[in-house]
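To keep things clear, I will list the structure first and then write my remarks on it.
These numbers come from the heavy atoms of this one structure, side chains and all, not from hydrogens, waters or symmetry mates.
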Amino acid sequence: MRVFIALLMLLPLLAAPARSAESDAVRSPRATVTLVADRVAVAPGEAFHLGLRLRLAPGWHTYWRNAGDAGAAPEIDLTLPEGASAGGIDWPAPRRIATGPLISFGYEDEVLLPLRARAPATAGPEGLVIEAEARWLVCADLCIPEEGRFRLTLPLAPAGRADGALAALFTTAEAALPRPSPWAARAALAGARGSLTLEGEGLSAAAVREAVFFPEESGLIENAAPQPLRARDGALTLALARPEGAPVPAALGGVVVLVDAAGVRSAYAVAAPVGGVPETVSTLPLWQVLGSALLGGLLLNLMPCVFPILAMKAMALARLSGAARGAVRAHAASYTAGVLLSFLALAGLLIGLRGAGVAAGWGFQFTAPVFVAGLAWLMLAVGLNLSGVYAVGGPAGAGAGLAARGGHAGSFFTGALAVLVATPCTAPFMAAAIGAALALPPAETLLVFAALGLGLAAPYAVLGLFPGLAGRLPRPGGWMEALRQGLAFPMYGAAAWLAWVLTQQAGPDGLLVLLVGAVLIGFAAWALGLAQRGGGRVGRVLASAAMIGALALLPGLAVAPPAAAGTEASAEAWSAARVAALQAEGRPVFVNLTAAWCITCKVNERLVLRSGAVQAAFAGRNLAYLTGDWTQGDATIGALLREHGREGVPLYLVYPAGGGAPQVLPQVLTEGIVLRAVEAAAG
């Protein structure tokens, strides 16, 4: 009898390991939800895990702590005995879930939302009684809120005992929790663009196949937008789109989920300090970028800014008429080398400046008055040489300084000068190519700029491949001298245009510096010509002194007061706040980002934007016309350019009435393009 009674007393202890650490389920056609623990018995004061287990029907999902575009995170309220404690939910990394145009952050199939808990030192006769009230939202084509009450009793024992099956669930959930990032993180947020960069050992294009960022807070990024990835040795960058008017926090917190080359998914918690300019990440394959660059460089030959250099090309071509095939090939190769090396030098300068934190893009040098003045004097010197005031490298020289020398040096530096004066223009296909190039690693950036140069040099380079074409040109003769002198006038026109550009940047004081320098350049040309006609050393000394005097004037442009920014009579000055206010009034908005030195901009404005049909459409649709002047390199306008993947002007944005993202128009406009965009924006 005594043995029998002892066995009866031991039965509860023998049965304890078989007890379940899972509550009764709350069921619906959409989800089965329980409260679970990783222990069937806990020791006094022992740490253990609780969790809300959601098993979802096919096609249904629930949400992460930041639900994304729609939804709500699950909530749980625990009632614990005295002395017990529990923290909040540790959220496993979510997935992007698309519902129509919206993207939510959440979970499908089954998820365990764990909590860390600690048992009390003592418990009542029933053991550790845990009660919970939970609320969760499940969604498919529609969303249904659900809730439930749960009760879970765990006995206190001298040593805790794990629930083998449920412990495996907790192990899986723990593996899905974000780990602290082993890499340094930084973020940049400005306007509609942002970027998140991780830097450190182990990151590379070979190691990271995919990446996605989930922000802790809602409203900071466009959840539905793609997040283009650029991975390189030691770093990766994700480009982030942002809603209009989104706040800029001091730090961007969230979770980065990486998928490696083997398809393994891992999550890392980041808190990236915000600052600097957002990095651009190209979404185009390299071959497509190279194709756009080649075509854009070819079309650059047709842009107005390159017309003055056609004078030097024309003279060079005329001199090649009747030349030997080897000479034709050599001159074509020299010119092509000048173009290519100049483009590569420009690319290297851009890479260096951007690496130093300077927001430099295509045509950035024209925002500096010193560069504009120097180029104006160079154009004047080229014109004076063509007019015969002086000669460098012989009377048939077609250019100034190095570009005017005879032989292959003249061909080389003619190509270099062609690149220099081409930068105010943006040909079709160039904007996408340059924007993508500056988002690529340095080696690929150089490759894209080389393709641009090859396109610009292509018409002349064709002579190197088919030198027989030079034989079809008119034979050299007396007509060449008249042509040479006549071709001086496009150079004078280019110098006059640059003088006007300078007045937009440095005002009357800047123009005075330019004109005094022009007089000195003219005197230097006359003195050099005098020396070449027998004036000897005195002429060369006078020419050198005049050139030094002109160069000494350049620092004065740095202190010249800038000209007041102006807009067209029918236009307002651009600002992001003004665009938002006009859209809130229900008006469509046309934004023209331009610069005084941008030839493409001025041609579009004169031929298209000021045309009667376009002006009538603007007025009839109550469209607001805003201009942003980048002549002096305004940083805010530069940021807007980069928001839309551009590295230079022109940029045309048409914002719809009532709000929304703008339509980006091509760099070369027609009336039809503008009228269709206005019609769509007005609704």
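Taking 4.5 Å as the limit, some side-chain heavy atom of Leu54 sits within range of a side-chain heavy atom of Trp136. Pro114 places a side-chain heavy atom less than 4.5 Å from the side chain of Pro92. In this structure the side chain of Pro656 reaches within 4.5 angstrom of the side chain of Gln583, judged on heavy atoms. Put simply, the side chain of Gln227 reaches to within 4.5 Å of the side chain of Arg96, judged on heavy atoms. The shortest distance between side-chain heavy atoms of Leu80 and Ile130 falls below 4.5 Å. Counting only heavy atoms from C-beta outward, the side chains of Val579 and Val591 approach each other to under 4.5 Å. Taking 4.5 Å as the limit, every side-chain heavy atom of Phe590 sits out of range of all side-chain heavy atoms of Leu653. Counting heavy atoms from C-beta outward, Ile221 and Leu189 have side chains that stay 4.5 Å or more apart.
Side-chain contact, Ser195 with Thr237: no donor N or O sits under 3.5 Å from an acceptor N or O. Of the N and O atoms on the side chains of Glu199 and Trp183, not one donor lies less than 3.5 Å from an acceptor on the other residue.
Rounding to the nearest 0.5 Å places CG of Leu640 at 6.0 Å from CG of Leu651. Annotation: the span from Phe213 atom CZ to Tyr268 atom OH amounts to 16.0 Å, rounded to 0.5 Å. To the nearest 0.5 Å, atom CG of residue Leu52 and atom CD1 of residue Ile76 are 5.0 Å apart. The structure places CD of Glu585 at 8.5 Å from CG of Asn622, a figure rounded to the nearest 0.5 Å. Summarising the geometry, atom CZ belonging to Arg193 is positioned 10.0 Å from atom CG belonging to Leu240; distances are rounded to the nearest 0.5 Å. The CH2 atom of Trp60 lies 9.5 Å from the CG atom of Leu137; values are rounded to the nearest 0.5 Å.
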Verdict with supporting geometry, Glu679 and Arg621, salt bridge (Lys or Arg N to Asp or Glu O under 4.0 Å): CA-CA 8 Å; Glu679 188 72 22; Arg621 294 296 186 177; 2.4 Å; yes

Worked verdict on Leu166 versus Asp38 for side-chain contact (heavy atoms from CB on, under 4.5 Å): CA-CA 6 Å; Leu166 293 176; Asp38 64 348; 5.8 Å; no

Pair Arg242-Glu222, salt bridge (Lys or Arg N to Asp or Glu O under 4.0 Å): steps then yes or no: CA-CA 5 Å; Arg242 284 167 41 80; Glu222 289 281 4; over 6 Å; no

Trace of the side-chain contact (heavy atoms from CB on, under 4.5 Å) decision for Arg179 with Ser266: CA-CA 8 Å; Arg179 292 173 284 175; Ser266 54; 3.3 Å; yes

side-chain contact (heavy atoms from CB on, under 4.5 Å) between Leu50 and Val36, intermediate numbers included: CA-CA 6 Å; Leu50 294 170; Val36 297; over 6 Å; no

Trace of the side-chain contact (heavy atoms from CB on, under 4.5 Å) decision for Arg151 with Val129: CA-CA 7 Å; Arg151 181 183 174 94; Val129 179; 3.5 Å; yes

Residue pair Arg135, Glu147: steps toward the salt bridge (Lys or Arg N to Asp or Glu O under 4.0 Å) verdict: CA-CA 4 Å; Arg135 295 161 295 281; Glu147 61 182 358; 5.6 Å; no

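A donor-acceptor contact shorter than 3.5 Å is absent between the side chain of Asp260 and the backbone of Val208. Ser23 contributes a side-chain N or O that, together with a main-chain N or O of Leu35, makes up a donor-acceptor pair within less than 3.5 Å. Judged by distance alone, with hydrogens and angles left aside, the side-chain atoms of Glu174 form no donor-acceptor pair with the main-chain N or O of Thr171 at under 3.5 Å. Distance alone, capped at 3.5 Å, is enough to place a donor-acceptor pair between the Asn66 side chain and the Pro215 backbone. Proximity of a side-chain donor or acceptor of Thr32 to a complementary backbone N or O of Ser28 within less than 3.5 Å is not detected.
Scanning both residues, His61 and Leu56, for their nearest heavy atoms gives CA-CD1, 3.8 Å. Ala624 and Leu582 make their closest contact through CB-CD1, 3.5 Å (heavy atoms, listed as atom of the first residue, atom of the second, distance). Contact between Leu128 and Pro81 at its shortest, heavy atoms only, is CD1-CG, 3.2 Å. The minimum heavy-atom distance between Ala57 and Pro29, with the atom names listed, is CB-O, 3.6 Å. Taking every heavy atom of both residues into account, Ala269 and Pro178 meet most closely at N-CB, 3.8 Å. Residue Val138 comes nearest to Ala31 through the heavy atom pair CG1-CB, 4.2 Å, listed as atom of the first residue, atom of the second, then distance.
Under the 4.0 Å criterion applied to side-chain N and carboxylate O atoms, Arg95 and Glu108 are not assigned as salt-bridge partners. Salt bridge Arg55/Glu22: present, at least one basic N to carboxylate O contact under 4.0 Å. Salt bridge Arg116/Asp90: present, at least one basic N to carboxylate O contact under 4.0 Å. Look at Glu216 and Arg65 and you find a salt bridge, because one of the NZ, NE, NH1 or NH2 atoms lies within 4.0 Å of a carboxylate O, short of that distance.
Classification of the Phe214-Trp64 ring pair by plane angle, with boundaries at 30° and 60°, yields perpendicular.
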